[in-house]
Amino acid sequence: MYPDTQLLIDGSWRDGATGRRLHVLDPSSGKQIGCVAVAEKEDLEAAVAAARRMFGPWRDVGAFERAALLRRAATLLRERCEALSPILTMEMGKPLAEARGEILSSADLLDWFAGEGQRAYGRVVPARSAKVSQIVLKQPVGPVAAFTPWNFPMSLLVRKLGPALAVGCTVVAKPPEISPAAPAALARALMDAGLPQGVLNLVYGVPQDIANFLIPHPSIRKVSFTGSVEVGKQLAALAGMHMKRITMELGGHNPALVFEDADIEEAARQLAAMKFRNAGQVCISPTRFLVQRSVYSRFAEAFRRHVETIRVGAGLDSQTQMGPLVSAGRLAAVSTLVSEATSEGAQVVAEGARDGAGEGWFFSPIVLENVDIGSRLLNEEPFGPIAIMRPFDTIEEAIEEANRLAYGLAAYAFTSSIRISQILQNELETGTLAINHTMLGLPELPLGGVKDSGIGSEGGAEAIEAYLVTKLVTQAAI
Ligand code: NAD
């Protein structure tokens, strides 16, 4: 039942020019389940040519019509959710319930961006003379190159396609080769909803080669990437060389600050749920748990109880709460970070069971204490089901540790003190801060980082701005 994935170029689903294909593997078994086509240079050229040719016609479609189309695609995703969720689970590994949640949230994102596209206002600036009009127009930037990752293969693509299509941009997207079918299903829903041929093109292949072709291409006017800081910096540098606008949604090493006046049980429950969602492979997953010393053991104990109840297994098993990691490479990376930390003196104080987990790339959820501050684990994003506990005494100490790294994506805090909340709002170097709950990532909220965690925002009204350019028109009456 798992479909092979082809390229979508100028409205046709087809293989690349040489017929090359890559294998798609099931993370819960390590076995091949399908293939994805590889785009060659001529395929990429054809995709860009289609996006360039269709930019004028798509821009000139009315905002209401574009919005109606996105809403129809959202409806199709909801109708197809039960059929698509096993496909997303098979290629990515997340439990079925999370796959369903991702597809439904993709539909919600499409609805949100449809509405925002109808509200992409310019403005009128009062003139110095009654005979002059001064109008600030917001126009679509042009054909977009979008690079998206495997952890949310559908919804992270929607965060780029939604605003781009809503305001009249055309797109050449390179979704992940690891989990290609869910993004293709999204493209199919958009095509079935009436998206004209050539407005959206999907290419897969060798990521670096595709980026090196698309980013400098004179027809591409905007580059949007979600992935690691390291790759993001390379792509941003290339885009800078060619004066292309960018959105970079990169990694985090997100702190969660728990103060002694918080509801400790509730903080542990909510933070554990947030930590182990998608096996910790979430850019906004909390990783550094900074807990005030007086409540440290209570919090650690409550958190440990949650960790030990998590059922790890294959995503298609309805009992599973946490699936495998996405690839052998990620399993190796996460395992190395943990074994380095333990060889430097860190202790594993809690570990989830792996009942029902088979052959694949499974890694049990774990909690570590006494991790050396210089350890790679405390400095590089682990992107896995790892929680690191550290006690602190004063708010100043907690803020210093939270801000210590070059990342600045998400932060969490639990406290009942308004004073502490206000200090954190002012002092934490982060793109998003959730206090006393963990609900970030809703369509209507801006999502993006500061410092090395990126440039720009992929939610809320801010997401639309990223696909618009400003044009001033000033006119005198004659
Ligand atoms: P990665 O940056 O190598 O890959 C992430 C995505 O970017 C993949 O889909 C990949 O196909 C694509 N990619 C890689 N190199 C590229 C290039 N030169 N040009 C264009 N696209 C390219 O990361 P990874 O090894 O797959 O995952 C590990 C790290 O990635 C994690 O530790 C995490 O920091 C980061 N990551 C972040 C997010 C996020 O949501 N911000 C998502 C996935 C991965």
Side-chain angles (χ1 to χ4, degrees), residues 5 22 24-25 27 36 38-39 44 91-94 102 145-160 172-180 182-183 202-216 220 223-239 244 246-254 277-285 287 325-337 361 363 376-377 379-386 405-410 431-432 440-441 447-449 452-459:
T5 301
L22 299 170
V24 180
L25 308 177
V36 54
V38 170
L44 299 175
E91 62 183 8
M92 197 276 138
K94 67 179 60 175
E102 176 173 350
F147 301 87
T148 57
W150 40 262
N151 53 338
F152 290 89
M154 189 181 280
S155 62
L156 291 180
L157 182 57
V158 175
R159 284 185 179 275
K160 301 188 193 303
V172 179
K174 194 212 75 66
E177 290 72 22
I178 288 182
S179 46
L202 289 194
V203 294
Y204 300 87
V206 181
Q208 190 166 1
D209 293 352
I210 296 177
N212 287 342
F213 181 91
L214 290 182
I215 294 174
I220 295 293
V223 176
S224 183
F225 172 75
T226 302
S228 63
V229 171
E230 188 189 353
V231 173
K233 283 183 174 175
Q234 289 164 19
L235 301 193
L238 185 58
K244 303 289 169 81
I246 55 170
T247 298
M248 293 280 148
E249 210 275 87
L250 309 178
H253 201 305
N254 309 303
R277 188 165 72 106
N278 205 13
Q281 302 168 115
V282 183
C283 56
I284 55 174
S285 182
T287 293
L325 298 184
V326 78
S327 65
R330 290 306 308 148
L331 177 60
V334 166
S335 307
T336 306
L337 281 178
W361 301 308
F363 190 89
R376 265 202 321 134
L377 185 58
N379 292 275
E380 291 178 21
E381 180 181 37
F383 220 59
I386 301 168
L405 300 180
Y407 299 100
L409 187 55
T432 54
L440 299 169
L447 180 72
D452 274 6
S453 291
I455 293 174
S457 214
E458 295 219 296

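One-based numbering, in listed order, for ligands and for the atoms of each.
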**Asked** Is the Trp150-Phe383 ring centre distance short of 6.0 angstrom?
**Response**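 Between Trp150 and Phe383, the centre distance is under 6.0 Å.
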Taking only residues two or more places apart in sequence, or in another chain, which ones meet Glu249 in a salt bridge (Lys or Arg N to Asp or Glu O under 4.0 Å)?
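Expected list: none.
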Exercise. Could I get the full list of salt bridge (Lys or Arg N to Asp or Glu O under 4.0 Å) partners for Glu177, not counting sequence neighbours?
Key: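 Applying salt bridge (Lys or Arg N to Asp or Glu O under 4.0 Å) to Glu177 gives Lys174.
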* With a 3.5 Å cut-off and no angle check, do the side chains of Thr226 and Lys160 form a donor-acceptor pair? ->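 Distance-only check passes for Thr226 and Lys160.
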* Quick one: list whatever passes ring-ring contact (aromatic ring centres under 6.0 Å, His included) with Phe213, sequence neighbours left out. =>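 Scan of Phe213 (ring-ring contact (aromatic ring centres under 6.0 Å, His included), adjacent residues dropped) gives His217.
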task: Write down, by chain and number, every protein residue that brings a non-hydrogen atom to less than 4.0 Å from an atom of ligand 1.
output: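 Correct list: Phe147, Thr148, Pro149, Trp150, Asn151, Leu156, Lys174, Pro176, Glu177, Pro207, Gln208, Ala211, Phe225, Thr226, Gly227, Ser228, Val231, Leu235, Glu249, Leu250, Cys283, Arg330, Glu381, Phe383.
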Check your understanding: For the residue pair His253 and Tyr407, does the interplanar ring angle fall in the parallel (under 30°), tilted (30 to 60°) or perpendicular (over 60°) class?
Key ->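 His253 vs Tyr407 ring planes: tilted.
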